[in-house]
Structure formats: C-alpha cells, structure tokens
2 protein chains.
Amino acid sequence: MKKEKIPQPTIERLPIYYRCILQMKAEGIRTVSSEELGRRIGVNSAQIRKDLTYFGEFGRRGIGYEIESLIEDIMRILGVTQERRMLIVGVGNLGTALLRHRGFSKEQFHIVAAFDSDPEKIGQEIEEISVYDLRLLDTIIKEKDIEVAVVTVPAKDAQRVVNQLVGCDIKGILNFAPTQVTVPENIKLRNVDLGVELLRLSYHLTNS
Amino acid sequence: MKKEKIPQPTIERLPIYYRCILQMKAEGIRTVSSEELGRRIGVNSAQIRKDLTYFGEFGRRGIGYEIESLIEDIMRILGVTQERRMLIVGVGNLGTALLRHRGFSKEQFHIVAAFDSDPEKIGQEIEEISVYDLRLLDTIIKEKDIEVAVVTVPAKDAQRVVNQLVGCDIKGILNFAPTQVTVPENIKLRNVDLGVELLRLSYHLTNS
DNA sequence: TAGATTGTTAATCGATTAACAATC
DNA sequence: TAGATTGTTAATCGATTAACAATC
C-alpha cells in the first residue's frame, strides 16, 4: 500500500505533531516552520521535515507549513477523519473513569458499549452507555459494528478477554491490564501500563 | 555515577522484563534463559543479555538466570526497593479512578494526598486520602515529604500545575493531561496520553 | 535579488543482532 | 566430556541529523 516503509518512531511522533499544531491553531497561529515546531516539541527540525515527507510534501520552501492544511493532512494520515466505534471491557474504577472521561470518547472514537461479568454491574447505564454481560460480546459487537476494544480488566482476566475479542473480529485493542497479552498479527494492539510507567519513573529517580 | 551510558530503549524495556519474570515466579518457574524470556516478551535473546549486562552479570553460563535473584537485581536497578510518597492533582474521573485503583498505589508508590481547586471536592476523603486545596500544595508536600506527583487536571491547567509542582521541589511527575508540558531538566517527567495512544491505534487501523 | 525554509541526500550516530569464546 | 547458555565483540541495520540545492 505504501511505497517506502515508515519507521515506527515516525508513527509514534505523528500524533504529537498533530496535538501541537492543533494547539497552535487554537492560539491563532497560521504558519509554522519545522524549526519552530521542533523547538516546541523538543525534536530536531530535520526530523520533522523527514517524518512529514514520508507522507507527502506539505510545506512551502521559504515559508513553512500552513497550519490549517497541515492539520487536514495529518488527520488524513492518522485516519482521524474516519469515525470508529469502540467498547470497554471491565467496568471497574479505570473503565468507569474512561467511560465518563469526556475527551476519551470524543473526536473519531465513540464508546458505544461496556461489558463486565459482575451481575451487579450488568444492566447499569454509565453516561448513557449500557453495561452488558460479557457473554453478549459477540452479539453486540456485530449488532453495533464495533471495531476497537479498550480492555480494563484485572491482569488475570486480560488474556482470556483478549482472546474473546479476537474471536469476535475486533480490529484494534487498547490494553490497560498490567500484563503481557498476545494477539494474532493482523490485530492491532497497544498497551498502556500505568505500573510500567511508574517503574520507569522510579528508575530515573533512582539513577541520576 | 554509571560508567557506560545506558540506552533509553534499555531503560524502557527493563520494567517489561521485571513484569515478565514476576509472572514466571508466580508460575513457580525457577530459572529462565534469555532465549525463553525473549520468546515470551517478543524480543531477541541477545537484546536481553545485552540489556542486563549494562548493569552487571546476573546469569550463569550453561544455566540461564535464576528468577529469584534476577528479580532482586532488577528491583535494585529500578529502585523499587525504595518507598516513594506520591500525590495526585486533579480529582476528576481519572484522578479518582487512580486513587481507588488498588495496584496503582501499591508496591513502592503510595498516594498520600490529593489536590483539587474545586471547593466541592476539597475536604472530601477518597479511599482514606484527603483532598486538599491546591493552594496548600507546598505545605503538604513538605509536611508529608512527597517526591512524586500524578497530574490528572484538564489540559488547560496542566502547565500551571506543573510549574507549581516544580516550585515545590517535586522530583518526578507522571502527566496524564493531554498536552505537552515542560519542566526543568532536573525534574523527571513522563507523559501518559490516552488520546495519543488512540491516535496511534487509529494510524495502524487506517494504514494496513 | 536577498532571506528563509523546505525536501532530500549523505554522513553520523546509536541500537540491534549474529556469532562465538568462555564457562557452567 | 558434551550440551547449554552466558557475556561480549563485531557486523549489521536503521534512525537521526547536518548540509545544501531547490524554491518560495
């Protein structure tokens, strides 16, 4: 689909660029050079130019990048233009917070269903989103045409839930459970592990 | 303090190794080879051996690594042995979830105070942790000898709060606010941005 | 034209990995 | 001794960055 392989670090940085230029737009700025953008984000300006040219030529020599159009271009690259329906498995503290969190279920991602196996929680509504029995996963995913799953279950249940999701043809998973899970390579998996982040912080606090 | 510079990717991986061998210990496994550990985590075995030898010689040729002692060694490297007192600024959905989240405030990190500027929230207790007026930040940090701050305030307030924290001699910050904040270089900062993770997932879903 | 800044090449830097002597 | 696996070197791979022609 693409001519040249995009380096993983480039992909990791793109959303950061996107966030930064959105903020600049809000500040009323119209145009930005790679130099200025790099300064704000803390990366080399050549890096930014190179990252962007993997996807096209978005700047004007002597001028810089027009913010309005760069936003549109990066939106297209990231696929932000396409709406995506999302579910949450595990309506504990974190899951509930993410359900309530305005801004998590915003932009293109919409949480449309929640799941738990606790009978106390099943049937509840949180922010107008129904909590379903985990056993209905397959039915509801098909019914509501859901592509993405957020996993906020305890570590011990994570792999089982992920297996279930994979079986239901979910395309992407954002895993918050503090454990390594595996998926077939056609499924996109991203891990967000708060404990691991604390350990990394701990390392830096200890060794400096 | 260290002879050789430790590569950043090595530091990022160490907590992953730690998590994995903790789990193996729980499974009753006594010894592991770099080959087996690499297979579980999904990295090359030479990578693991190299990462570990930045810090010492922990294995035995022909045998592998003894899990019990490797855990102790990595704990020491990560500084997990040292208890650290932590606060949360911003008692919204996410902040409250983290306060309640058993396991976040476990191991060496203990949440000992929470802060907000909303009079409705100030004075409350969540999981036996008091919510203080943000203006008391300096006093309480000194009083309770707090080193680490978790920031869960809205994006627009993040930089101001971070500046306040820096002024109070906080040593490390875990920032959940979806915005780029800057700190002096002697302060350790880690960003966890859920929105950015969703954007990265979006990229992979769109381009594949 | 002069100044600014991109897109791109090529050099540099750094991280990963294959290979193997050391050794359990 | 034979087999396994580490620690470490050196080769490979890939990412970052300096430099500059193109061009606004």
Side-chain angles (χ1 to χ4, degrees), chain A residues 2-17 20-21 24 29-74 76-77 200 203 207, chain B residues 2-17 20-21 24 29-74 76-77 200 203 207:
Chain A
K2 283 284 180 304
K3 293 135 201 181
E4 204 182 345
K5 199 194 158 292
I6 316 290
Q8 188 59 29
T10 296
I11 298 165
E12 303 282 314
R13 280 188 297 264
L14 268 187
I16 312 286
Y17 300 167
C20 189
I21 56 174
M24 292 180 79
I29 300 169
R30 309 291 277 273
T31 273
V32 66
S33 66
S34 57
E35 189 68 34
E36 167 66 8
L37 191 55
R39 206 187 47 67
R40 292 203 177 211
I41 295 171
V43 311
N44 186 290
S45 65
Q47 181 92 85
I48 290 180
R49 296 199 298 280
K50 188 147 224 297
D51 282 345
L52 291 175
T53 49
Y54 282 113
F55 302 99
E57 303 194 1
F58 304 126
R60 289 213 293 163
R61 288 161 201 240
I63 309 286
Y65 299 88
E66 207 222 310
I67 287 189
E68 186 67 41
S69 72
L70 187 57
I71 287 175
E72 279 173 31
D73 290 323
I74 300 186
R76 198 163 21 74
I77 296 163
R200 288 171 181 157
Y203 172 87
N207 306 275
Chain B
K2 284 287 178 304
K3 293 135 200 179
E4 201 181 348
K5 200 195 157 288
I6 317 288
Q8 188 59 30
T10 295
I11 298 164
E12 304 282 314
R13 279 187 296 264
L14 268 186
I16 311 285
Y17 300 167
C20 188
I21 57 175
M24 293 181 78
I29 300 168
R30 307 293 276 271
T31 272
V32 65
S33 66
S34 57
E35 189 68 34
E36 166 66 6
L37 191 55
R39 206 188 45 69
R40 291 203 178 213
I41 295 172
V43 309
N44 186 291
S45 65
Q47 180 92 82
I48 289 180
R49 295 198 298 280
K50 188 146 225 294
D51 282 343
L52 291 174
T53 48
Y54 281 112
F55 302 98
E57 302 193 2
F58 304 126
R60 288 212 295 163
R61 290 163 200 240
I63 310 288
Y65 300 87
E66 207 223 308
I67 286 189
E68 187 67 42
S69 73
L70 186 56
I71 287 174
E72 279 174 30
D73 290 323
I74 299 186
R76 198 163 23 71
I77 296 164
R200 287 171 181 157
Y203 172 87
N207 305 276

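Residue numbers start from 1 in every chain, and the chains themselves are labelled A, B, ... in the order their sequence lines are given, proteins ahead of strands.
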Residue whose nearest DNA chain D nucleotide is more 5′ - Lys50(A) or Arg60(A):
Lys50(A)
With a 4.0 Å cut-off on heavy atoms, is Thr10(B) in touch with a base, just the backbone sugar-phosphate, or nothing at all?
nothing
At a 4.0 Å cut-off to heavy atoms of chain B, the contacted part of DNA chain C spans dA15(C) to dC24(C)
Is Glu35(B) salt-bridged to Arg39(B), going by a charged N under 4.0 Å from an acidic O?
no
When all nucleic acid strands are considered with a 4.0 Å heavy-atom cut-off, which category describes Ser45(B): base, sugar-phosphate, or nothing?
nothing
Would a distance-only check, ignoring hydrogens and angles, find a side-chain to backbone donor-acceptor pair under 3.5 Å from Asn207(A) to Ile77(B)?
yes
Are Glu72(B) and Arg76(B) close enough for a salt bridge, meaning some N to O gap below 4.0 Å?
no
Sugar-phosphate, base or nothing in reach of Glu57(A), heavy atoms under 4.0 Å:
sugar-phosphate
dT8(D) pairs with which nucleotide, Watson-Crick or G-U wobble, both distances below 3.5 Å?
dA19(C)
Say you draw a straight line from NZ of Lys5(A) to OG1 of Thr10(A); how long is it, rounded to the nearest 0.5 Å?
8.5 Å
Which nucleotide, in any strand shown, forms a Watson-Crick or G-U wobble pair with dC24(C), with both distances under 3.5 Å?
dG3(D)
Rounded distance (nearest 0.5 Å) linking atom CG of Leu14(B) with atom OH of Tyr203(A)
7.5 Å
Is there side-chain contact between Ser69(B) and Phe58(B), with at least one heavy-atom pair below 4.5 Å?
no
Mapping Ile63(A) and Pro7(A) to their closest nucleotides on DNA chain D, which lands nearer the 5' end?
Pro7(A)
